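As the structure is a computational prediction, the values presented were derived from the model and not from experiment.
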Amino acid sequence: MRGKAKIKLEPEPAQSTKRGLMLREATLEDYHQIASIESRYGLATKSYEEWTHLHLHSPLRYESQAEAPIGWVIENEDAQIVGSVGNLLLPYEFEGKRILAVTGRGWVAEPAYRSLALLLLDRLICQPDAELFLTNAITSASAPAFDALGCYRVPAGVWDRSGFWITHHSAFMQSVLTMRKFVLARPLRYPFAAAAFLKDGLTTKALRRADVEVQCCPCFDERFDDFWDQLRSKNPHRLLAVRSREMLEWHFHYALRKNSLWIAAVVDGPRIAAYAIFDRRDNLNFGLKRVRLVDFQSPDSSPHLLVPLLRWALRECRNKGIHMLENTGAWLGKGEVLDRLTPHQRQLSTWTYVYRANSRALAERLRNQNAWGPTLYDGSASL
């Protein structure tokens with residue numbers, strides 16, 4: 001990757017807070033306590049191996065040969081961690097320049113200390129050497145805190161809405177009815193499934209066959225570097241997360257190892273013309289098997305190439321017994337392609353994608369919706 005990222009080298013001093021608490025940078029030795037508090041309050045935890053991979057093995061860290069906090073924790077008077085947030089570095093490009101962005105994961109605190117959790121978020125968002133903070137995984141409970149710290153809604157896409165296709169109607173309906181605590185979920189699933197099936201039949205006709213070749217990619221090969229060079233050169237005025245082969249391999253390393261990632265490409269001979277990435281995100285509590293559209297890219301911003309990729313993904317979902325294929329955010333321009341092709345919609349509890357630029361000049365340029373190309377590849381939503 002080109003250029004050097006400016007990353008703070010000196011560790012921040014620990015900061016005393018009220019009630020004998022200490023706010024300090026997280027260390028690798030904190031893993032077990034951090035994982036424990038995340039698990040207690042319903043956050044997805046990662047193995048130590050995966051956790052250290054995300055924080056220490058980013059190509060951005062190797063490129064800069066510098067250190068940055070892996071996060072921050074609040075300790076009580078007994079040296080027990082009662083709150084934490086992780087810190088991830090993400091390289092972006094915008095107007096021919098490298099932008100150092102940061103995102104967080106695992107922002108959590110014990111109930112008795114949640115009034116102090118804003119200090120953790122402030123450290124994350126206001127890092128002096130980060131030019132941009134963004135996150136696309138906030139909840140309705142956390143949204144007011146981001147608002148209080150000066151974050152803005154991303155002006156492109158519709159990030160409080162989800163569109164989806166049902167690919168296994170009876171199983172999907174049983175999961176939904178169970179989720180809504182219908183006592184007769186099992187017998188009721190059949191009439192509900194039949195109605196949804198009829199509605200889907202009208203919409204999926206729009207996913208007509210296209211005269212292009214779609215190829216399943218088992219990994220990110222050298223073609224993705226060529227594709228990234230095309231993407232960045234043809235879209236210099238869009239804020240783009242770096243999608244070099246190296247960054248894609250880091251980002252999706254464990255998803256590939258767990259066989260929970262699908263990579264599909266429209267190919268033109270040896271060249272990739274467009275690609276889409278899908279990941280598996282099941283809701284185990286209700287037996288819902290779900291695949292999400294994480295990223296779609298075309299150097300010419302041609303949304304019509306998404307159609308054959310969606311056809312491929314829907315076929316894979318049906319063949320593998322997946323219940324639904326979901327797209328969050330309606331992020332393709334005005335959403336006209338997915339609005340036309342998506343038969344079902346659901347409202348999310350909050351707007352999930354916000355940002356804050358730490359310079360006035362960058363903030364001004366990012367108010368323009370045309371400066372954005374937001375997907376679930378950004379932030380931590382697919383990490």
Examine Phe296 together with Tyr377 and report whether their ring centres are nearer than 6.0 Å. no
Given the rule in the side chain to side chain contact (heavy atoms under 4.5 Å, CB included) test, do Ile70 and Leu56 qualify, once you have shown the distances and angles that lead to the verdict? CA-CA 8 Å; Ile70 63 173; Leu56 300 183; 3.9 Å; yes
Can you tell me how far apart CG (Leu309) and CD1 (Ile277) are? Round to the nearest 0.5 Å. 11.0 Å
Is it true that Asp300 and Gln230 share a donor-acceptor pair across their side chains at a distance under 3.5 Å? no
Are any of the side-chain heavy atoms of Asn136 and Pro374 separated by less than 4.5 Å? no
Does either side chain, that of Thr375 or that of Asp295, offer a donor lying less than 3.5 Å from an acceptor on the other one? yes
State, yes or no, whether a side-chain contact exists between Leu119 and Trp72 at a heavy-atom distance under 4.5 Å. no
Could you go through Phe94 and Leu362, starting from their C-alpha distance and side-chain angles, then the distance that decides it, and tell me whether this counts as side chain to side chain contact (heavy atoms under 4.5 Å, CB included)? CA-CA 10 Å; Phe94 184 50; Leu362 181 60; 3.8 Å; yes
Same apolar cluster (I L V M F W Y, side chains within < 4.5 Å links), Ile74/Val108: no
Please report the C-alpha distance between Asp147 and Arg153 in whole Å, then the side-chain angles of each, then the deciding distance to 0.1 Å, and finally whether the salt bridge (charged side-chain N to carboxylate O under 4.0 Å, His left out) criterion is met. CA-CA 9 Å; Asp147 184 59; Arg153 291 182 173 188; over 6 Å; no
With side chain to side chain contact (heavy atoms under 4.5 Å, CB included) as the test, would you mind laying out the steps for Asn76 and Ile81 before giving the verdict? CA-CA 6 Å; Asn76 66 13; Ile81 291 174; over 6 Å; no
Given the rule that I, L, V, M, F, W and Y join up when any side-chain heavy atoms are under 4.5 Å apart, are Tyr254 and Trp51 in one cluster? no
Check the angle between the aromatic planes of His53 and His57 and answer parallel, tilted or perpendicular using the 30° and 60° thresholds. perpendicular
Hey, are His323 and Thr167 close enough side-chain-wise for a donor-acceptor pair under 3.5 Å? no
Have Ser142 and Thr139 got a donor and an acceptor in their side chains that come within less than 3.5 Å? yes
For residues Leu293 and Val212: do they belong to one hydrophobic cluster (side chain heavy atoms under 4.5 Å, members Ile, Leu, Val, Met, Phe, Trp, Tyr)? yes
Side chains of Glu29 and Thr27: any donor to acceptor distance under 3.5 Å? yes
Taking side-chain hydrogen bond (donor to acceptor under 3.5 Å, both in side chains) as the definition, give me every residue that meets it alongside Lys258, ordered by chain and number, with sequence neighbours left out. Glu50
My understanding is that only residues two or more places apart in sequence, or in another chain, count here; which of them pass ring-ring contact (aromatic ring centres under 6.0 Å, His included) with His237? none
Does the distance from a Lys or Arg side-chain N to an Asp or Glu carboxylate O, for Glu326 and Arg281, drop under 4.0 Å? no
My understanding is that only residues two or more places apart in sequence, or in another chain, count here; which of them pass ring-ring contact (aromatic ring centres under 6.0 Å, His included) with Trp107? Phe146
Check whether any side-chain N or O of Thr352 sits under 3.5 Å from a backbone N or O of Ala137 as a donor-acceptor pair, and report yes or no. no
Distance (rounded to the nearest 0.5 Å) between His251 NE2 and Leu261 CG: 9.0 Å
Is the number of heavy atoms from other residues, nucleotides or ligands under 6.0 Å of Lys234 NZ greater than 12? yes
Do Leu256 and Phe220 have side-chain heavy atoms sitting under 4.5 Å apart? yes
Can you see which heavy atom on Asp282 is nearest to which on Lys289, and at what distance? OD1-CA, 3.2 Å
Where is the tightest heavy-atom contact between Gln33 and Ala79, given as atom of each residue plus distance? NE2-O, 3.9 Å
Verdict with supporting geometry, Tyr275 and Phe227, ring pair (Phe, Tyr, Trp, His ring centres under 6.0 Å): CA-CA 9 Å; Tyr275 71 74; Phe227 184 91; 4.9 Å; yes
Just do the side chain to side chain contact (heavy atoms under 4.5 Å, CB included) check on Val102 and Leu88 with the steps written out, would you? CA-CA 6 Å; Val102 294; Leu88 297 172; over 6 Å; no
Would you say the side chains of Tyr92 and Glu131 form a donor-acceptor pair under 3.5 Å? no
Atom pair CZ (Arg223) and SG (Cys217), whose distance is rounded to the nearest 0.5 Å: 4.5 Å
Could you tell me if Gln347 and Arg161 have a donor-acceptor pair between their side chains, going purely by distance under 3.5 Å? no
Of all heavy-atom pairs linking Ala143 and Thr350, the shortest is CB-OG1, 3.7 Å
Using modelled atom types only, decide if a donor and an acceptor are shared between the side chain of Thr328 and the backbone of Ser162 within a distance under 3.5 Å. no
Is the shortest side-chain N to carboxylate O distance from Arg245 to Asp225 below 4.0 Å? no
As an exercise, state the distance from CG of Asn283 to CE of Met324, rounded to the nearest 0.5 Å. 10.0 Å
Kindly indicate whether the side chain of Leu348, heavy atoms from C-beta on, has any atom under 4.5 Å from the side chain of Trp159. no
Could you tell me which non-hydrogen atom of Val214 sits nearest to which non-hydrogen atom of Ala264, and how far apart they are? CG1-CB, 4.2 Å
Do Ile37 and Glu110 come close enough that some side-chain heavy atom pair is under 4.5 Å? yes
Atom OG of Ser298 and atom CD1 of Ile272: how far apart are they, to the nearest 0.5 Å? 11.5 Å
Can you name the closest pair of heavy atoms from Arg356 and Leu149 and give their distance? NH1-O, 2.9 Å
Would you say the side chain of Leu310 lies within less than 4.5 Å of the side chain of Leu325, judging by non-hydrogen atoms? yes
Pair Tyr353-Asp378, side-chain donor/acceptor within less than 3.5 Å: yes
Pair Asp268-Arg271, salt bridge (charged side-chain N to carboxylate O under 4.0 Å, His left out): steps then yes or no: CA-CA 5 Å; Asp268 180 12; Arg271 183 179 71 90; 3.2 Å; yes
Is there a path of hydrophobic side-chain contacts, each under 4.5 Å between heavy atoms, that joins Trp165 and Leu305? yes
Nearest 0.5 Å, what's the SG-CH2 distance between Cys151 and Trp351? 14.5 Å
Ring-face cation contact, Tyr41 with Arg114, 6.0 Å cut, 45° max: yes
Taking the side chain as C-beta and beyond, is there a heavy-atom pair between Val82 and Glu75 under 4.5 Å? no
Got a salt bridge between Glu95 and Arg365, using NZ or NE/NH1/NH2 to carboxylate O under 4.0 Å? yes
Are any non-hydrogen side-chain atoms of Leu240 and Asn235 less than 4.5 angstrom apart? yes
Judged by modelled atom types alone, do Asp129 and Gln127 share a side-chain donor-acceptor pair under 3.5 Å? no
Search all heavy atoms of Pro343 against all heavy atoms of Phe164 and return the closest pair with its distance. CD-O, 3.5 Å
Are Leu383 and Leu43 connected, step by step, through hydrophobic side chains (Ile, Leu, Val, Met, Phe, Trp, Tyr) whose heavy atoms are closer than 4.5 Å? no
Given 3.5 Å as the limit, does a donor-acceptor pair link the side chain of Thr52 with the main chain of Tyr48, or not? yes
Regarding Arg243 and Glu93, does a basic nitrogen lie under 4.0 Å from an acidic carboxylate oxygen? no
